[in-house]
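Chain identifiers are assigned alphabetically (A, B, ...) following the order of the sequence lines, protein sequences preceding nucleic acid strands; residue numbering begins at 1 within each chain. The figures here come from the full heavy-atom set of this structure, side chains too, leaving out hydrogens, waters and symmetry mates.
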Amino acid sequence: MAYWLVKSEPASWSWAMMVEAGAAGTAWTGVRNHVAKKHLAAMLVGDHAFFYHSNEGKEIVGIVEVIAPYAADPTDESGRFGKVDVRALHAVPRPVTLADIRDEPGCAEMVLVNNSRMSVQPVRSQEWAIVCRLGKLII
DNA sequence: GCCAACGTTGGC
DNA sequence: GCCAACGTTGGC
């Protein structure tokens, strides 16, 4: 299974809303960057992703699971971009902040640290494990 | 609120 | 195909 990180501004779509969406989940639309699109397109059903609150919070607050494969994004009139569907899987007991991650030598290569603008990004398995440990997540 | 980083657009 | 101008993201 591959690991990812997706960002959302809680003012527009928060973890609480993600949980509210339940098992049906939500379409992860609105990606308009070609690198982020490439990552979305590489996601497989069953992959997991950290759910990160940008701007407000700046922390990883949950884990989502990919429940529908890459397909056209209905909100994109150009037809160039796509979406996947995700559902909330676990909350993170102790949210892991960007500052926490910056303090971890094992996370120095994370895209979150090095490219703050990438809204969909891959996470290495060792980075996944570190963040789960920091978040008191037992998986 | 500011600004750095970076992606996109459009003139040439 | 280059690059200046502009818009957006997102940390601080």
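- Summarising the geometry, the separation between CD on A:Glu59 and P on C:dG11 is reported as 11 Å, rounded to the nearest angstrom.
- Nearest nucleotide to the A:Lys58 side chain, out of C:dC12, B:dT8, C:dG10: C:dC12.
- Between A:Asp85 and A:Lys83 there is a salt bridge, with a side-chain nitrogen of the basic residue lying less than 4.0 Å from a carboxylate oxygen of the acidic one.
- Between the CE atom of A:Met118 and the C1' atom of C:dG11 there is a distance of 16 Å, rounded to whole Å.
- Atom-to-atom, CZ of A:Arg32 to P of C:dG10 comes out at 14 Å; the value is rounded to the nearest Å.
- Rounded to an integer number of Å, the gap from A:Gln121 CD to B:dG7 P is 13 Å.
- Which of C:dG11, B:dT8, B:dA5 sits closest to the side chain of A:Ser116 comes down to C:dG11.
- Taking the side chain of A:Tyr52 as heavy atoms from C-beta on, and the options C:dG10, B:dC6, C:dG11, the nearest nucleotide is C:dG11.
- Between the P atom of C:dT9 and the NZ atom of A:Lys7 lies a distance of 11 Å, rounded to the nearest Å.
- The pair A:Asp100-A:Arg94 meets the salt-bridge criterion, with a side-chain N (NZ, NE, NH1 or NH2) lying under 4.0 Å from an Asp/Glu carboxylate O.
- Protein atom NE2 of A:His34 is 10 Å distant from nucleotide atom C1' of B:dG7, rounded to whole Å.
- Put simply, the residue from A:Ile63, A:Leu137, A:Leu5 that forms a side chain to side chain contact (heavy atoms under 4.5 Å, CB included) with A:Trp128 is A:Ile63.
- The distance between atom CG of A:Leu112 and atom P of B:dA5, rounded to the nearest whole Å, is 17 Å.
- OP1 or OP2 of C:dC12 lies within a sub-4.0 Å distance of a side-chain N or O belonging to A:Arg102.
- Backbone-only engagement by A:Asn33 is indicated by non-hydrogen atom pairs under 4.0 Å involving sugar-phosphate atoms exclusively.
- Between A:Asp100 atom CG and C:dG11 atom P there is a gap of 14 Å when expressed in whole angstrom units.
- Between A:His53 and C:dG10, a side-chain N or O to OP1/OP2 separation shorter than 4.0 Å is absent.
- Taking a cutoff of 4.0 Å between a charged side-chain nitrogen and a carboxylate oxygen, A:Arg32 and A:Asp73 qualify as a salt bridge.
- Aromatic ring centroids of A:Phe51 and A:Trp28 lie under 6.0 Å apart.
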